[in-house]
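The next block holds one structure in the form of structure tokens; read it before the comments.
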Amino acid sequence: MDDAVGTLTRGTAEGGLTTGAVARLLGVAPTTLRSWDRRYGIGPASREGGRHRRWTSADIGLLECMCGLTNAGMPPAEAARAALAAAARDAPARPDEPMSRSRTPSSRAPGASSPTPGASSHAPGALPVGRARRECRGLARAAVRLDAQAMDELLDAAIDKYGLLAAWESVIMPTLHAVGRKWETVGERYVEVEHLLSWHVSSALRRAAAQRAPTAGSGVSLLACTPGESHTLALEALAAGLAQQGLPVRMFGAALPVEAMEEAVRRTGPAAVVLWAQSRSTASRALVARVESIEWGVRGARRRPTVLVAGPGWAGQLPSRALHPSGLAEALDVLAAISRR
């Protein structure tokens, strides 16, 4: 909170903040702010040189109101009308500013819950992200608004800024968990938020994975969900992390049948196989033993894969010989060491 206040104070003293600075302050994408300005008039009252946006504390107060309303599920156009109406009603117009553009930092529409920079929002539609990174709160807001472009920009920016591992652990996972908690507490609502966010997380991971070509000479890691398991995002994060290190990976995704898994192991000859199980019902010790027994290569020099089990489904029923990394970072380290042998 102190950092946000300091940024706002310095920006006001210097004539206002840039669009990029305001986007970071509030946790929204810059393109979202520009779109709100262009479509609904939720923009800065003054522009530097007639072109560059400079946001004052009053402008940011109106944006906070807009964010609170859209987080509560109100359509952007309706939220803009309510925010501007509240600003016009609560603050007298300055002689040099039309009534429709009058605003104060404390302007609020009736019933709106306005998120303070650096704190979580408690609007009815807000996700319970708690005291997470600002990027996490911004991603949560974009998810609730079903703002596809903002989600892509925020995800790419977080991965670029923190690296894939830190972005996954401190931005992506907290937001995904918040969506899950929200869905559990309100019945069947917000399923669309979970599905859209998951799709954009998956897309961001694939974009990150495509940035580097595999290095020749390293062993392949084969990643698959166990039969009946449909949760793939954690495994996709692992695949992206390996690809970013130049390590070859084959990602087979959800619910790979046993026979298909055996065929894939024989055809690729992987150095390691990772089996992901989200729930105990999809974690199979017999499957691990079956994969561990698969051999390939010429007679007299046959090889077998190293098997890793991953996911909460294996808790309490770990196979005796399989490795069980505690998280994404450890899994990446273990697989990198195996791949480079």
Side-chain angles (χ1 to χ4, degrees), residues 4-5 7-8 11-12 14-94 96-127 134-135 137-154 157:
V5 172
T7 300
L8 181 56
T12 302
E14 295 168 0
L17 295 177
T18 64
T19 296
V22 173
R24 291 189 294 272
L25 191 68
L26 297 181
V28 299
T31 53
T32 297
L33 298 184
R34 297 187 186 102
S35 175
W36 286 354
D37 184 12
R38 184 177 64 256
R39 296 182 180 181
Y40 313 121
I42 304 292
S46 63
R47 297 172 189 269
E48 194 178 69
R51 295 181 298 107
H52 299 292
R53 298 170 174 85
R54 302 295 292 188
W55 302 78
T56 67
S57 58
D59 299 326
I60 295 171
L62 185 60
L63 282 178
E64 290 180 334
C65 184
M66 179 76 173
C67 287
L69 291 169
T70 54
N71 285 348
M74 185 178 291
E78 185 179 344
R81 287 193 294 270
L84 288 170
R89 181 179 60 251
D90 296 343
R94 298 198 309 265
D96 60 343
E97 185 178 23
M99 176 65 76
S100 63
R101 303 287 285 180
S102 298
R103 57 195 80 134
T104 67
S106 59
S107 296
R108 298 290 181 267
S113 175
S114 171
T116 301
S120 61
S121 169
H122 296 286
L127 298 179
R134 184 179 297 121
E135 291 88 350
R137 294 191 295 275
L139 182 58
R141 294 187 188 112
V144 170
R145 292 195 303 268
L146 304 182
D147 189 334
Q149 184 174 357
M151 281 189 281
D152 280 342
E153 292 179 355
L154 291 166

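Nearest heavy-atom pair, Leu33 versus Trp55, reported as atom, atom and distance to 0.1 Å: CB-CZ2, 4.3 Å. The heavy-atom pair separating Asp59 from Pro44 by the smallest distance is OD2-CA, 3.5 Å. Ile42 and Ala80 get closest at one heavy-atom pair: CG1-CB, 3.9 Å. The shortest non-hydrogen separation linking Arg145 to Ala150 is NH2-CB, 4.5 Å.
Residues Leu63 and Trp36 form a side-chain contact, since some pair of their non-hydrogen atoms from C-beta on lies under 4.5 Å apart. The shortest side-chain heavy-atom distance between Thr18 and Arg54 falls under the 4.5 Å cut-off.
How far CE of Met151 is from CZ of Arg141: 14.5 Å, rounded to the nearest 0.5 Å.
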